[in-house]
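Taking it in order: structure first as structure tokens, then the write-up.
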Amino acid sequence: MDRAVAKRLFARAARRPVQTPVGLADRIEALLTQRCGDALGLARRAGQAVAGFERVTEMIQRGKAGLLVFALDGAENGRRRLAALGRGVPMAGALTGAELGAAFNRDRVAHVAIGPGPLADRLATDMRRLAGFRDGAMVELNLAPTGRGERTVA
């Protein structure tokens, strides 16, 4: 975003002078974080999202997981174990444990599974957008059983 502002790409696309506010990238990141948190909260209230290693494992084993969400600051070991168990399930890691926890009325959450459907699709899209603003963020969508698919790593 900062490079686009520096190169005046917004003005070029609009074909006229454009004033971009200071801190535009930070504002967009904050709004995307809020949007992802809101979508997680909606999925939780609709009964389509579960949090915690055991509940996520259970949802994967029953074949009801449409999206796995991992905390950026979560343990790598748990993430690897769930990713291996949920092979072929889209995965995203662009929110911190505290941000994930806010959607579940907890202090911290490391692992979340969301059932398939429009909410999971919307959250995956927003997480991919957010991943472009955060170091260490990862989103893997449209995975085939071979593990090939769209991968975004920031």
Side-chain angles (χ1 to χ4, degrees), residues 1-5 9-10 21 23-154:
M1 187 61 64
D2 292 332
R3 279 185 271 149
V5 170
L9 295 180
F10 292 114
L24 178 63
D26 294 334
R27 177 85 171 128
I28 292 171
E29 180 183 354
L31 289 171
L32 283 171
T33 301
Q34 180 181 354
R35 185 174 167 105
C36 289
D38 291 347
L40 275 170
L42 182 61
R44 179 189 58 83
R45 289 188 302 278
Q48 294 183 8
V50 297
F53 187 84
E54 295 300 323
R55 294 186 76 193
V56 170
T57 300
E58 184 180 309
M59 194 168 182
I60 292 170
Q61 289 172 340
R62 285 189 287 149
K64 304 251 184 198
L67 176 66
L68 300 177
V69 180
F70 303 110
L72 276 174
D73 52 355
E76 184 67 31
N77 187 33
R79 184 179 320 171
R80 265 196 313 263
R81 287 173 51 196
L82 288 173
L85 188 60
R87 201 172 302 257
V89 177
M91 294 176 263
L95 296 171
T96 65
E99 291 165 344
L100 287 174
F104 288 87
N105 296 323
R106 298 184 190 170
D107 290 336
R108 266 185 55 74
V109 170
H111 314 290
V112 174
I114 299 159
L119 279 174
D121 296 341
R122 176 182 143 195
L123 183 59
T125 299
D126 290 339
M127 292 282 254
R128 188 176 72 219
R129 291 173 179 155
L130 181 59
F133 289 90
R134 295 200 165 172
D135 291 333
M138 171 276 305
V139 177
E140 291 183 8
L141 304 175
N142 304 324
L143 296 175
T146 60
R148 295 186 182 127
E150 179 182 343
R151 178 180 172 97
T152 303
V153 177

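Because only heavy atoms are used, hydrogens play no part in the values below, and waters and symmetry mates are left out as well, while side chains stay in.
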Residues that Thr57 engages under side-chain hydrogen bond (donor to acceptor under 3.5 Å, both in side chains), provided they are two or more places apart
none
Donor-acceptor contacts under 3.5 Å from residues 90-97 side chains, at least two apart:
from: Thr96; atom 1: OG1; to: Glu99; atom 2: N; distance (Å): 3.2
from: Thr96; atom 1: OG1; to: Glu99; atom 2: OE1; distance (Å): 3.4

On a heavy-atom basis, which atom in Ala65 and which in Pro116 lie closest, and how many Å separate them?
C-CD, 4.2 Å
Give me each pair satisfying side chain to side chain donor-acceptor pair (under 3.5 Å) with a member in residues 34-50, each pair once, sequence neighbours excluded.
Arg35-Asp126
List the residues meeting side chain to side chain contact (heavy atoms under 4.5 Å, CB included) with Leu32, not counting sequence neighbours, and say none if there are none.
Ile28, Arg129, Leu130, Phe133
Minimum heavy-atom distance between Phe53 and Gly78, given as atom pair plus value
CE1-O, 3.8 Å
Under the side chain to side chain contact (heavy atoms under 4.5 Å, CB included) test, which residues partner Arg27, sequence neighbours left out?
Leu31
With Glu76, which residues qualify under side chain to side chain contact (heavy atoms under 4.5 Å, CB included), at least two apart?
Arg79, Arg80
Strictly by salt bridge (charged side-chain N to carboxylate O under 4.0 Å, His left out), give each pair with a member in residues 88-98 just once, sequence neighbours left out.
none
Residue of the set Val69, Leu68, Val50, Leu123 for which side-chain contact (heavy atoms from CB on, under 4.5 Å) holds with Val112:
Val69
I need the minimum non-hydrogen distance between Ala131 and Val139, along with the two atoms involved.
CB-CG2, 3.9 Å
When rounded to the nearest 0.5 angstrom, what distance separates CZ in Arg81 from CD1 in Ile60?
11.0 Å
Atom of Phe70, atom of Ala83 and distance for their closest heavy-atom approach:
CZ-N, 4.3 Å
Scan residues 57-68 for pairs that pass salt bridge (charged side-chain N to carboxylate O under 4.0 Å, His left out), counting only residues two or more places apart or in two chains.
Glu58-Arg62
Could you note down all residue pairs passing side chain to side chain donor-acceptor pair (under 3.5 Å) where residues 104-114 supplies at least one of them, sequence neighbours left out?
Asp73-Arg108
Run the side chain to side chain contact (heavy atoms under 4.5 Å, CB included) test against Ala120 and tell me which residues pass, sequence neighbours left out.
Leu67, Ile114
Can you list every pair that meets side chain to side chain donor-acceptor pair (under 3.5 Å) and has a residue in residues 115-124, with sequence neighbours left out?
none
